[in-house]
Amino acid sequence: MFFTSFNNPFMLIILLMLIGENISYYVSTPGAFLGLVLSIPGMLIAITFHEFAHAWAADKLGDDTPRRQGRLNLNPLSHLDPIGVILLLTAGFGWGKPVAINPNNFNRTVTLRKGNALVSLAGPAMNFILAIIFSVICGLLLKFGGAFLITTAGGVLLSVVEYTISINIGLGVFNLVPLPPLDGSKILSAVLPTKARQWYENHEKMLYIVFMFIWITPVAGMIIKPAIGWISGELLKLIALIAGI
């Protein structure tokens, strides 16, 4: 998610409110802070692979900008934004370091709009792939973990895997919302008819305000929860199939 500036007073007020609400939740809710700690590996994996996927897709399309900027690797330090990570822990949301690309370097076999859409789609697609991979791991743990899973280490490992699944589902779905600054906005822009695309691109600031509104209200949950619920349900079926339960 590409939040890069909070110099707007309105944004700062919202940010402080979210930080206060989340810190209060961690302090007052038993187990909430432990849940946050156990979710950190999943957050690092989800953000790192998401941004790497953007870089990898751009590189495959002929743009070496991410490679030259050291983004074509799976080192979390290359992809984490310090402020984004801090807010992820304190405000309940965050972002990775945006991957810079130059569409003019894309292979001539794809249009600029198609190339942009493919690069944008790569991030959420990677999150869904990770959710599937960790669902398989979860199923194997349940099937073969046996006595190990009732130990502290086994319980922690299983919890980390479960958090990693849910975080990747959430990040993948949320980034497909077709509003700037999310990946879904670039995907939608690539498939819109010319006049609709021009209107969409000319009203990005207004659409960003719409995004901010749904983000700080229950509307965001109403939009993405059905998709998250459906994907989670299908992956639970996969886990149960592998685990034999």
Side-chain angles (χ1 to χ4, degrees), residues 1-8 11 43-88 93-131 167-168 170-212 215:
M1 292 182 290
F2 307 135
F3 300 87
T4 56
S5 174
F6 284 94
N7 52 8
N8 184 299
M11 293 281 287
M43 293 178 187
L44 294 178
I45 291 170
I47 293 175
T48 298
F49 276 79
H50 180 102
E51 299 301 339
F52 165 78
H54 287 313
W56 179 86
D59 189 73
K60 290 299 180 183
L61 289 174
D63 179 20
D64 66 346
T65 304
R67 182 182 294 273
R68 287 187 286 104
Q69 294 186 347
R71 302 301 300 278
L72 206 63
N73 61 68
L74 292 173
N75 180 356
L77 296 179
S78 298
H79 302 289
L80 298 180
D81 179 272
I83 297 177
V85 171
I86 292 172
L87 293 178
L88 190 63
F93 73 96
W95 58 86
K97 187 188 301 181
V99 175
I101 65 170
N102 183 354
N104 292 319
N105 292 334
F106 290 161
N107 299 326
R108 297 311 174 193
T109 55
V110 296
T111 63
L112 296 185
R113 284 190 286 115
K114 183 178 180 181
N116 269 327
L118 290 172
V119 172
S120 297
L121 180 61
M126 175 61 80
N127 291 126
F128 295 135
I129 291 171
L130 286 171
I167 289 169
N168 274 285
L171 186 62
V173 170
F174 187 65
N175 269 281
L176 288 178
V177 173
L179 290 171
L182 303 177
D183 295 324
S185 66
K186 299 180 181 63
I187 299 170
L188 177 62
S189 180
V191 300
L192 286 174
T194 302
K195 288 186 178 180
R197 183 176 68 255
Q198 290 174 347
W199 182 93
Y200 186 82
E201 293 175 351
N202 289 336
H203 291 81
E204 277 196 355
K205 290 184 178 180
M206 180 192 72
L207 293 170
Y208 187 90
I209 294 173
V210 173
F211 164 74
M212 290 300 303
W215 171 53

Trainee: Can you tell me how far the CG atom of Asn75 sits from the CG atom of Leu80, to the nearest 0.5 Å?
Mentor: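 Answer rounded to 0.5 Å: 8.5 Å.
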Trainee: Just by modelled atom types, is the Trp199 backbone N or O under 3.5 Å from a matching donor or acceptor in the His203 side chain?
Mentor: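 Checked: pair present.
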Trainee: Roughly how far apart are Phe49 CZ and Leu44 CG, rounded to 0.5 Å?
Mentor: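 It comes to 11.0 Å.
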Trainee: Side chains of Glu51 and Pro98: does their closest heavy-atom pair fall under 4.5 Å?
Mentor: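 Not touching, per the 4.5 Å side-chain cut-off.
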Trainee: For Glu201, what residues pass the side-chain hydrogen bond (donor to acceptor under 3.5 Å, both in side chains) criterion, not counting sequence neighbours?
Mentor: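 For Glu201, the residues satisfying side-chain hydrogen bond (donor to acceptor under 3.5 Å, both in side chains) (neighbours in sequence not counted) are Ser189.
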Trainee: List the atom of Ser78, the atom of Asn73, and the distance in Å for their closest heavy-atom pair.
Mentor: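 That would be OG-OD1, 3.1 Å.
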Trainee: Begin from the C-alpha positions of Asp81 and Ile47 and carry the test side-chain contact (heavy atoms from CB on, under 4.5 Å) through to its verdict.
Mentor: CA-CA 10 Å; Asp81 179 272; Ile47 293 175; over 6 Å; no
Trainee: Considering non-hydrogen atoms only, spot the tightest contact between Ala46 and Ile167 and give its length.
Mentor: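 Result for this residue pair: CB-CG2, 3.8 Å.
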Trainee: What closest approach, in Å, do Ile101 and Pro66 show between heavy atoms, and which atom pair accounts for it?
Mentor: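 Scanning both residues, the minimum pair turns out to be CG2-CG, 4.2 Å.
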Trainee: Between His54 and Ala100, is there a donor-acceptor pair closer than 3.5 Å when you use the side chain of the first and the backbone of the second?
Mentor: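 The answer is no, because no donor-acceptor pair under 3.5 Å joins these two groups.
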Trainee: Just do the side-chain contact (heavy atoms from CB on, under 4.5 Å) check on Asn175 and His50 with the steps written out, would you?
Mentor: CA-CA 10 Å; Asn175 269 281; His50 180 102; 3.9 Å; yes
Trainee: For Ile129, is there any backbone N or O sitting under 3.5 Å from a side-chain donor or acceptor partner on Asn168?
Mentor: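 Side chain of Asn168 to backbone of Ile129, a donor-acceptor pair under 3.5 Å: no, none is there.
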Trainee: Answer whether the closest heavy-atom distance between the side chains of Pro180 and Phe211 falls below 4.5 Å.
Mentor: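 With C-beta onward as the side chain, the pair stays apart.
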Trainee: Measuring from atom OG1 of Thr65 to atom CG of Leu72, what distance do you get when rounded to the nearest 0.5 angstrom?
Mentor: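 Reported value, rounded in 0.5 Å steps: 11.5 Å.
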Trainee: Between His79 and Phe52, how do the two ring planes meet: parallel, tilted or perpendicular, split at 30° and 60°?
Mentor: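 His79 and Phe52: perpendicular rings.
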Trainee: Between Ala53 and Met126, what is the shortest heavy-atom contact and its length?
Mentor: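 Scanning both residues completely, I find the closest heavy atoms to be CB-CB, 3.6 Å.
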Trainee: Taking atom CG of Leu121 and atom NZ of Lys114, what is their separation to the nearest 0.5 Å?
Mentor: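 It is 12.0 Å, given to the nearest 0.5 Å.
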Trainee: Suppose the criterion is salt bridge (charged side-chain N to carboxylate O under 4.0 Å, His left out): which pairs have a residue in residues 64-78, not counting sequence neighbours?
Mentor: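 For residues 64-78: Asp59-Arg67, Asp64-Arg68.
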Trainee: Mind checking whether Leu176 and Asp183 have side chains closer than 4.5 Å, heavy atoms only?
Mentor: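 Answer no - side chains too far apart.
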Trainee: Closer than 3.5 angstrom, by distance alone: can the side chain of Asp63 be matched with the main-chain N or O of Pro103 as a donor-acceptor pair?
Mentor: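 Checking the backbone N and O of Pro103 against the side chain of Asp63, no donor-acceptor pair under 3.5 Å is found.
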Trainee: What closest approach, in Å, do Tyr208 and Pro181 show between heavy atoms, and which atom pair accounts for it?
Mentor: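 Scanning both residues, the minimum pair turns out to be CE1-CD, 3.4 Å.
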Trainee: Work out which heavy atom in Tyr200 is nearest to a heavy atom in Leu188; give both atom names and the distance.
Mentor: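 Shortest heavy-atom separation between Tyr200 and Leu188 comes out as CE1-CD2, 3.7 Å.
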Trainee: If we ignore hydrogens and angles and just use 3.5 Å, is the side chain of Asn107 paired with the main-chain N or O of Leu61 as donor and acceptor?
Mentor: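 Side chain of Asn107 to backbone of Leu61: a pair is present.
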Trainee: Please report the C-alpha distance between Thr48 and Ile45 in whole Å, then the side-chain angles of each, then the deciding distance to 0.1 Å, and finally whether the side-chain contact (heavy atoms from CB on, under 4.5 Å) criterion is met.
Mentor: CA-CA 5 Å; Thr48 298; Ile45 291 170; over 6 Å; no
